[in-house]
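Everything below concerns the one structure shown next.
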Amino acid sequence: MEKKLLSDIVAVVAMLSSETAFIRPRGKEDAEKAAAIKLDFDVHGGDDFTSLLYLFRQAEQSSDLRRFCKSNFLHFRVMNSGVTVISVCLCVRLFVCLSVCLCVCL
């Protein structure tokens, strides 16, 4: 439970620490599509934290992040950096846990 909570917090912080992931297309038709897709990511009445976490988890589960971003009017660079940040944070956490275990064992 603690591990999941930590990864959720890191995911939200990663998403909040960058520019918005959503693209606003110029054409009216594309702008309407983008607005409708953005609404699909709103969770619990548009709460920013849960919506960002939901968006991040959907992107994380995608087998092709670039295609996911293009079809959902998202900035690939922003989404990719969010995925990278959480991966690095989890690796650092694993390293710290291993270091503590090694210190205790020695």
Side-chain angles (χ1 to χ4, degrees):
M1 173 80 168
E2 180 183 314
K3 183 179 174 183
K4 174 138 176 50
L5 180 61
L6 179 62
S7 68
D8 288 351
I9 291 169
V10 171
V12 170
V13 169
M15 295 297 291
L16 287 172
S17 60
S18 63
E19 62 187 87
T20 183
F22 294 98
I23 294 172
R24 291 185 170 214
R26 292 184 186 217
K28 182 176 179 166
E29 187 177 316
D30 283 343
E32 289 172 355
K33 282 184 197 175
I37 288 172
K38 185 175 187 230
L39 284 176
D40 289 342
F41 288 110
D42 283 346
V43 186
H44 302 293
D47 176 296
D48 284 346
F49 299 116
T50 52
S51 296
L52 286 174
L53 182 59
Y54 178 71
L55 171 62
F56 181 83
R57 293 291 177 229
Q58 293 298 309
E60 192 177 47
Q61 292 175 6
S62 171
S63 60
D64 184 349
L65 183 60
R66 191 173 296 276
R67 183 178 298 151
F68 175 82
C69 291
K70 184 174 181 154
S71 64
N72 289 291
F73 296 92
L74 299 167
H75 287 286
F76 172 75
R77 183 179 43 81
V78 172
M79 296 304 297
N80 192 44
S81 68
V83 171
T84 302
V85 166
I86 195 165
S87 298
V88 168
C89 288
L90 293 176
C91 288
V92 167
R93 185 172 189 271
L94 177 63
F95 177 76
V96 169
C97 289
L98 289 174
S99 298
V100 169
C101 290
L102 287 174
C103 290
V104 170
C105 293
L106 297 176

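Because the structure is predicted, anything quoted here is derived from the model rather than measured.
Of the inter-residue distances, the one linking T20 atom OG1 with L74 atom CG reads 8.5 Å to the nearest 0.5 angstrom.
Counting only heavy atoms from C-beta outward, the side chains of N72 and L55 never approach each other to under 4.5 Å. Q58 has its side chain out of reach of M79: every pair of non-hydrogen atoms, C-beta onward, lies at least 4.5 Å apart.
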Kindly list each side-chain donor-acceptor pair under 3.5 angstrom involving residues 61-70, sequence neighbours excluded, with atom names and distances?
unit_1	atom_1	unit_2	atom_2	d
S62	OG	D64	N	3.2
S62	OG	D64	O	3.1
D64	OD1	R66	N	3.3
D64	OD1	R67	N	3.3

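By the side-chain contact (heavy atoms from CB on, under 4.5 Å) test, D30 is found to be paired with P25, K33, F73, residues two or more places apart in sequence or in another chain being considered. With sequence neighbours excluded, no residue satisfies side chain to side chain donor-acceptor pair (under 3.5 Å) with E29.
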